Amino acid sequence: MNRELSYKAFEEARQYIPGGVNSPVRALRAVGESPLFVDHAKGVTFTDIDGNEYIDFCLSWGVFIAGHANPVVQEAVQKAILNGTSYGIPTLLETQLARKVSELIPSMQQVRFVNSGTEAVMSAVRVARGFTNRNYIVKFEGCYHGHADHLLVAAGSGVATCGITSSAGVPDGFAQYTLVAPFNDKEAVDRIFSEYGDIIAAVIVEPVPANMGVVPEKNGFLQYLRDITLRYEALLIFDEVITGFRLTLGGAQKYYGITPDLTTVGKIVGGGFPAAAFGGRKEIMSMLAPEGPVYQAGTLSGNPIAMTAGLATLSILSEKDIYNNLNAKAEKFIAELQNILRPKGITISSVGNMFTPFFRKETPTNFREVSQSNQKEFARFWRYMLNNGVYLSPSQFEANFVSIQHTEKYLSDVLEITKGY
Ligand SMILES: *Cc1c(COP(=O)(O)O)cnc(C)c1O
């Protein structure tokens, strides 16, 4: 596979963009490659500027559950663009998408749109602090909640991929109210609450951690978090930027049957445009300006193009049996993949249509165990798949996604390719 043009493009990009990329994991350093430059994408494949085609399981980090360049979304956006692309004045689209989100995820009684998952989480934490009049938050090792200063503590995703334990440029004081526990560790959470219980504003968690690779909860950990936050009158924030509209239409909270106080969604909800949202009960959300004293704003927030793309995407996902079919197809594929990979010392951790192959014998239950997986081996496997036309998420600390557009044919081709490893 020739990638000359991508290599050349990277040389030029590096002169003008730090590291040649606008988000670190794209640089592909952890897997010993240099970035691919995309020419176009359609469905579950993309084509690089050298003309190589890849079957994509990263799908813009989980955005394209309905496939790249989905015609329903494309058509809606093309039409919307003719009416102008931002006004800084309300549109009906914002209410339509807010109502839709609220209907699908009822705990999000009121919703505010922002431009990225980072902003959604940052704002949700601010509201939680404003509402409770408390400062401390609890997060989990390996969970990633965007790059706001106070959340860049023991973070997963690119932070873990780059081996950065805590970011430079974040003064200690900014993180002093962030308490960290290992995921799935009730005793650690207990200890934190017995010391700080009445000054903890919120516990924030990815209900299915996907930014340390997919690491599902065990032994009722999420229910435990719900119980202890209620007991101490702290809020529970589900960061569903990945899992929202991913596992079910109602997100991971529907999948597990647990209702958080605040929820963030992103990725899928913007339909491929920069949009994310946070929401919760009215009494909490009414803390926000202009109703209340917690300030939060955005020039392009609720942008009509992003709202249109989000509405089109959710309409596709609202069709009958979409998730039953998607999850059944994905679970079958993942089971077959596991059968092929197990003899090679690789275990697959998955929930529904999200999965990560880990280079260790047992599926990990927390970040420490994820960190023990063999990253050199992962990189070798990743490059093998790439060179055979399969683009997996390029880090051990990320998830892969099966889309409604991964047909049986694509999936069986990928299984055949995997057998050759
Ligand atoms: C991607 C992600 C974020 C950050 O979203 P951005 O749009 O990249 O700012 C936050 N939380 C989770 C769980 C994510 O997966």
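Values in this document were obtained by computation on a predicted structure and should not be read as measured data. When a ligand or atom number is given, it counts from 1 through the structure's own listing order.
Phe367 has its ring centre no less than 6.0 Å from the ring centre of Phe140. Between Phe64 and Phe46, the distance separating the two ring centers is not shorter than 6.0 angstrom.
In summary, the atoms of ligand 1 found under 4.0 Å from a heavy atom of Ser116, numbered by their order in the structure, are 7 (O), 9 (O). With ligand atoms numbered from 1 in the order given, ligand 1 contributes 13 (C) to contacts under 4.0 Å with heavy atoms of Glu206.
Checked by distance only, ligand 1 and Ile242 stay at 3.5 Å or farther apart across all their nitrogen or oxygen atoms. For ligand 1, the polar-atom distance check finds an N/O of Asn211 within less than 3.5 Å of one of the ligand's N/O atoms.
Within 4.0 Å of atom 8 (O) of ligand 1, not a single protein heavy atom is present.
Of the possible polar contacts, one joining the Ser315 side chain to the Ala312 backbone as a donor-acceptor pair under 3.5 Å is found.
Ring geometry for Phe359 against Phe381 counts as tilted: the plane angle lies between 30° and 60°, on a 0 to 90° scale. Between Phe10 and Phe37, the ring planes lie tilted relative to each other; the angle falls in the 30° to 60° range. Ring geometry for Tyr196 against Tyr136 counts as tilted: the plane angle lies between 30° and 60°, on a 0 to 90° scale.
At the shortest separation from atom 4 (C) of ligand 1 among protein heavy atoms lies Thr118 N, 3.6 Å. Scanning the protein heavy atoms around atom 1 (C) of ligand 1, the nearest turns out to be Lys267 NZ, 1.6 Å. Atom 11 (N) of ligand 1 has its closest protein heavy atom at Asp239 OD2, 2.7 Å. Summary of contacts: the protein heavy atom closest to atom 6 (P) of ligand 1 is Gly117 N, 3.4 Å.
With a heavy-atom cut-off of 4.0 Å, His145 touches ligand 1 through its backbone alone.
Between Lys100 and Glu103 no salt bridge is recorded (no basic side-chain N to carboxylate O distance below 4.0 Å). Salt bridge status for Arg226 with Asp261: present, with a side-chain N to carboxylate O gap under 4.0 Å.
For atom 10 (C) of ligand 1, the candidate residues are Gly146, Ala275, Ala155, Pro207; the nearest heavy-atom contact is made by Gly146.
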